Structures are given as C-alpha cells and as structure tokens.
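Both counts, for ligands and for their atoms, begin at 1 and track the order of listing. What you see is a predicted model, and the numbers here were worked out from it, not measured in a lab.
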Amino acid sequence: MSDKKIATKCLTEGYYPKNGEPRSLPIYQSTTFKYDSCAEMGKLFDLEASGYFYSRLQNPTTDSVAAKIAALEGGSAAMLTSSGQAATFFSLFNICSAGDHIVSSSEIYGGSYNLIAVTMKRMGIDCTFVSPDCTDEEFEAAFRPNTKAVFGETISNPALTVLDIERFADFAHKHGCPLIIDNTFATPVNCRPIEWGADIVTHATTKYMDGHASTVGGAIVDSGKFDWTKYGDKFACLTTPDESYHGVVYTERFGIEGAYITKATVQLMRDLGSTQSANSAFLINLGLESLAVRMDRHCSNALSAAEFLKNHPKIEWVRYPSLKGDAYYERTQKYMPNGSTGVISFSVKGGKDAAEKFMSGLRLGLVVTHVADARTCVLHPATTTHRQLSSAELEKAGIPEGLIRLSVGIEDISDIISDIENALEPI
Ligand SMILES: *Cc1c(COP(=O)(O)O)cnc(C)c1O
C-alpha cells in the first residue's frame, strides 16, 4: 500500500504490530538491550550487524517514529533528535567540518541563524547568507570550492517567506551540494520538499508534529537521492574509511540511501548524544496521528483570520502565504496548493503600543513563546524575543515594531475571530 494518502500514512506508518502485539506503539523504556554473547554484541559495534544495544544511538520507539516521518516526507531514512536545534546542527555538521562553508537563506528561524552565524562559525564552518529572492548572480557568487551544503526553510519563521525550493535545489546541485530544507512550518502534509529536489529535510517536531506544546524534539530525513560518491573527496566523511568503526565506508556498506543517516546516528549521536527519549517519541507519535486533520483546520482557520484582519480598518498590514495578494501567494500555490501553515503576522495601526494593548486584550489567544500549538497563541517579538534590538535594528531584521505573530489554533473559527475583534475594539 505504498500509494496511501498522507492522512492515512500519519496513522499507519512506522509501527506494524504482528499477531498478539500491542496495537499502540510501545514505549521501550530501556537504556540497553541484551545479547547472548560478546561476539554477537561485538558485531553491532563494528556495524556488521544491525540491532539495538544502547538507547543513546537507537531505540525501537524512536526508530518507529523516525520511520513514520521518513514515510511522510518520502525519504529513505530518518532519525529523531532531542530538539529542532539539534536536528539543524546535525544535518549540517554530518557533512561539514572546520574549514568548510555553507550557503544559507537569510530568512530563517532565529535559533538556526545564531547556530550557523555564531556557533558553527566558532567551529570553523563559515556561512554566506543569501536573500531567498536573490538574483542568479548573487546566488552564484555565494558559492566557494569548499561549500558543502545549502540551507533554507520552506516557510520561514517568523518572516513567512516562501522558498523557491526548485531553484535552490538547482543551484545546490549545480555546485555539487545537497539542499537541506527545514520543513517545520509547512509539515509534510502541505509540502514535501524532496518532491521538489531537496536532499535532506529537517523538522522541529516541537511544533506542528507534536502540536500540543508538550514535547521538544527534532527529526532529520534523508531523501537517499544525493550521490555522495559523485564528488570525489568532497564528502570524504561518507565515502572514505571511518577509523572510529574499523574503517567502514558508509556509502559502500549502507548505500547512498542509508549512508547519511547511519553516519549521523552511529557517529554524531554516539559522540554528541542529543538523543530523543522513547517517552517523548511516543508523545510525538500521538501528535503525528492527527497531523493531517489538524493542519487542514489550522490552515482554514488561519486563512479566515488573515482575511478578517486584511479587511479590518485598524490593521496596517497582514502577511500570510495563502492569502490572495500576499507577496508569496503565487509561489505558495505552486508548492502548497492545499494550504501552507497556521501562522500569520500582522501589525495593528499604532505600532508597538497598539500591539501590546491588542495582545493583552486577547482572552482565547495566549501570550507564549511558541507557535504551531493546537491552541491559538501570540507573540510580540519587539517586546520579547527581540527586545534587545533598537527600532532601527528591528526594521533591518525585517521585524517592524508593531509585528504580531499569531499562531492560529484549531478552535472554532468564530471564537478566534471574535477574540481578535474584541481585542481590537478598545484600540
Ligand atoms: C522552533 C524551530 C526550530 C527549533 O526547534 P526547537 O525544538 O525549539 O529546538 C527550528 N526551526 C524552526 C523553523 C522552528 O520554528
């Protein structure tokens, strides 16, 4: 049944109980796994046999959830990580070392920006940021002989820029690099970047995949399509012997479909240990089961809320990729014709003060540092996440003082709209 629809895959992939086995995915709450002899366990340590031995590397519960996410994205293999940040870091660090270089879209999540621009730079990995709408000349000029990857977000958080994934994939491939896409905001229900040429897909499962603000987590999916062996020594970490495993060559032993995720699991997880717990993976799986239904509702509610805001006299501007007239509307129709995300940004006339007044007037929408929750929530970057920046710096970062990020939940839309209406009333 490989042609199952995405909503069905959300419920059926990753865990396939046999006769008499639990209907629901069991939580394998065990750090370790038993073998009859040292010889049998030794084969696992040499990667000659596959099997579980220690949950820092792999655990049956987390593996099932990773397999489900791989199926949703149309990938060949996947792994879970302890957070979205760990997924972004591992996805890049798996193929980049000191002296290497990355090209990244400039419109990405603030945490990813800091990771790449500050922390990875300290590790000796440089980055050139390009606008997602840069010219071909600017894009070309960003590449260097040591460029190892191109990074971007399907829909950026919080700017809500939609990436031209096919164009980014073409540029990456022309320069012998994989394209890594953070697909957190769209989810595989709305967009599957691999179908448009992306090679690796990452997620903060913390957001829509969990969907209930209960569990921090991340995932990395490999398309299995990027041929690491085609580029000589460029990806030597995958195509030449790993001395920490008695000289295993990942592309030879695991094929181009398995090399990348196997290396990230047995090498990065072994050494850095940003593991997802079985308990957390179980909760993420519960979220995944209803992902398609929730995304449908998030998107229809967000579109209604965006249309209401657009027509309201007290609103200065609204940004929502699926809203007719949005700068990214056409591109959204190409990549996400059935819906994009549940997040809207807008500004109330009157700037910062009006924004604060509006937010404290909400009753249903709660002020939290989060998005993609089943329950509506709001954030005012200028007074919270970005409060250290001056007005001028905020403008430069593409976050005007009045910008409000509204993550539209799955409540009844009439309640969401009357909440917004009531909060606008006294302004
Ligand atoms: C939240 C987020 C992350 C980071 O995820 P954490 O689980 O908070 O570490 C990465 N990318 C995007 C797009 C996000 O929204």
Per the side chain to side chain contact (heavy atoms under 4.5 Å, CB included) rule, which among L406, V343, T341 passes with Y320?
T341
Of all protein heavy atoms, the one nearest atom 8 (O) of ligand 1 is Y109 OH, 4.2 Å
Using a 4.0 Å cut-off to any heavy atom of K207, which atoms of ligand 1 qualify?
1 (C), 2 (C), 3 (C), 14 (C), 15 (O)
Does a salt bridge link E195 with R192, judged by any charged N lying under 4.0 Å from a carboxylate O?
yes
Element-labelled atoms of ligand 1 that are located less than 4.0 Å from some non-hydrogen atom of T206:
6 (P), 7 (O)
Under 4.0 Å between a Lys/Arg side-chain N and an Asp/Glu carboxylate O for D126 and R144?
yes
May I ask you to identify the nearest protein heavy atom to atom 6 (P) of ligand 1, giving residue, atom name and distance to one decimal place in Å?
G84 N, 3.4 Å
With a distance cut-off below 6.0 Å to the six-membered ring centre and an angular limit of 45° from the axis, does K207 pair with Y109 as a cation-pi contact?
yes
Do R319 and W317 form a cation-pi contact, if we require the NZ or CZ to be under 6.0 Å from the six-membered ring centre and within 45 degrees of the ring's axis?
yes
For G217, atoms of ligand 1 separated by under 4.0 Å from a heavy atom:
7 (O)
Quick one: which ligand 1 atoms are inside 4.0 Å of a heavy atom on V216?
7 (O)
Between R167 and D136, does any NZ, NE, NH1 or NH2 come within less than 4.0 Å of an OD or OE carboxylate oxygen?
yes
For Q85, the ligand 1 atoms with a heavy-atom partner under 4.0 Å come out as 4 (C), 5 (O), 6 (P), 9 (O)
Which of these, N157, D182, L115, has its nearest heavy atom closest to atom 11 (N) of ligand 1?
D182
